[in-house]
Amino acid sequence: DMALDKYKPYSKIEEPRLSKKELIMARIELLIKAKRYDDALRNLNNYENQYGSTQKSDLYKGQMLQKTGKNEEALEYLDKSLKEEATVNAFNAKGDALYELKRYDEAFSYWEKHLELDSTWLDSYFSMGFCYEEIGEYQKAYETWKTVSEILTQRGLVIEAGWPKEMAEKCLRKLEK
């Protein structure tokens, strides 16, 4: 807000380093990082009213709608974003929205697309592990959790690898019953 106030003293021939549009988008990105999803969504709506939509604003709006439980609407924005550019963030968010709507097969296809682009980012693995457990596919859940644990261990994150390892063991016990 303070940065936006600094725009007032500029004359029309002077140009600040960042445009007002870029500054507003930067605020939205900070709100997202702070997990203030409702505030980010409100700012995205204002941005869209003032400047129209862009691939980035569509992506962010889709993500924020998904994070705030508005999954059907999120899919509309994520689809718009994906038509312009296939991004890991959009694939992951779309998978999560579909999961929340209990459209599991579709969710898996988007998480898999995400992992095809970047298999080092673990969000989709986590979503897949939870989903496999929810639908009772414990062998696949076991394999997914085991993969997450192995990736974290390879990264030297041994403590962090403990929880997915426990999840894998829990799935293995369910398979043995």
Side-chain angles (χ1 to χ4, degrees), residues 1-4 7 17-137 140-141 143-145 147-148 151-152 155 160 163-164 167:
D1 292 331
M2 289 173 39
L4 286 173
Y7 272 80
R17 243 184 258 170
L18 290 172
S19 70
K20 187 174 182 180
K21 181 179 177 180
E22 292 169 318
L23 196 57
I24 293 170
M25 185 54 72
R27 178 197 309 168
I28 291 165
E29 290 169 341
L30 287 172
L31 289 168
I32 292 168
K33 286 186 187 298
K35 298 184 186 315
R36 292 176 49 190
Y37 303 132
D38 288 319
D39 291 335
L41 192 53
R42 189 172 39 262
N43 278 268
L44 280 160
N45 289 332
N46 292 339
Y47 178 94
E48 199 174 59
N49 290 336
Q50 195 168 359
Y51 301 107
S53 71
T54 64
Q55 188 269 336
K56 184 187 271 192
S57 68
D58 288 340
L59 170 62
Y60 289 163
K61 192 165 185 180
Q63 289 177 304
M64 295 307 96
L65 288 164
Q66 188 276 317
K67 295 281 188 195
T68 57
K70 299 172 184 95
N71 293 296
E72 288 289 351
E73 192 177 353
L75 292 176
E76 294 173 34
Y77 283 91
L78 293 167
D79 285 338
K80 280 175 60 176
S81 175
L82 283 166
K83 281 181 185 169
E84 290 190 41
E85 184 181 5
T87 64
V88 292
N89 287 318
F91 284 138
N92 185 66
K94 186 165 182 181
D96 289 349
L98 290 164
Y99 168 79
E100 293 295 330
L101 294 168
K102 302 201 182 310
R103 292 164 53 185
Y104 302 127
D105 289 340
E106 291 175 84
F108 282 114
S109 73
Y110 283 93
W111 292 325
E112 288 164 3
K113 288 177 185 179
H114 162 237
L115 293 172
E116 286 171 18
L117 291 176
D118 184 356
S119 63
T120 65
W121 194 33
L122 299 179
D123 289 30
S124 284
Y125 283 117
F126 276 92
S127 296
M128 291 170 76
F130 288 121
C131 190
Y132 282 132
E133 282 190 65
E134 187 166 322
I135 62 176
E137 292 199 30
K140 290 181 180 178
E143 292 165 8
T144 303
W145 292 125
T147 298
V148 171
I151 291 170
L152 290 170
R155 292 180 184 173
E160 291 83 350
W163 186 80
M167 296 298 287

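N49 CG: more than 12 foreign heavy atoms inside a 6.0 Å radius.
Considering NZ of K94 and CG of L78, their distance stands at 7.5 Å, rounded to 0.5 Å. Rounding to the nearest 0.5 Å places CG of L98 at 5.0 Å from CZ of R103. Here K67 contributes atom NZ and Y60 contributes atom OH; the two are 13.5 Å apart, rounded to the nearest 0.5 Å. To the nearest 0.5 Å, atom CD of residue E29 and atom CD1 of residue I32 are 6.5 Å apart. In this structure, CG on L115 lies 11.0 Å from CZ on F91, to the nearest 0.5 angstrom. Atom CG of D38 is separated from atom CG of N43 by 11.5 Å, given to the nearest 0.5 angstrom.
For T144 against M128, the heavy-atom pair with the smallest separation is CG2-CB, 4.2 Å. Scanning both residues, L82 and T87, for their nearest heavy atoms gives CD2-N, 3.9 Å. Contact record, S119 with Y125: O-CE1, 3.4 Å, taken as the closest heavy-atom pair. When all heavy atoms are compared, the tightest approach of A107 to Y99 is CB-N, 3.7 Å. When all heavy atoms of V88 and D118 are compared, the closest pair comes out as CG1-CB, 3.8 Å. Heavy-atom minimum distance, L101 versus L75: CD1-CD1, 3.6 Å.
Put simply, the side chain of T68 gets close to the backbone of M64: a donor and an acceptor are under 3.5 Å apart. Side-chain atoms of S81 never come within 3.5 Å of backbone atoms of Y77 as a donor-acceptor pair (strictly under, hydrogens ignored).
The aromatic rings of F126 and W145 lie perpendicular to each other, with more than 60° between the two planes, well past the 30° mark.
At least one side-chain heavy atom of T54 sits less than 4.5 Å from a side-chain heavy atom of Y47. A heavy-atom distance below 4.5 Å is found between the side chains of R155 and I151. Side chains of Y104 and E134 form a contact here, defined as non-hydrogen atoms less than 4.5 Å apart. Taking 4.5 Å as the limit, some side-chain heavy atom of E48 sits within range of a side-chain heavy atom of D58. The side-chain heavy atoms of L31 and R42, taken from C-beta on, include no pair separated by under 4.5 Å.
Cation-pi geometry between K113 and Y110 is met: under 6.0 angstrom from the ring centre, within 45 degrees of the axis.
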Would you please test K20 and I24 for side chain to side chain contact (heavy atoms under 4.5 Å, CB included) and show each step? CA-CA 6 Å; K20 187 174 182 180; I24 293 170; 4.1 Å; yes
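With respect to L44, the side-chain contact (heavy atoms from CB on, under 4.5 Å) criterion is satisfied by exactly one of Q63, K61, K56: K61.
Residues D96 and W111 bring a donor and an acceptor atom of their side chains to less than 3.5 Å of each other.
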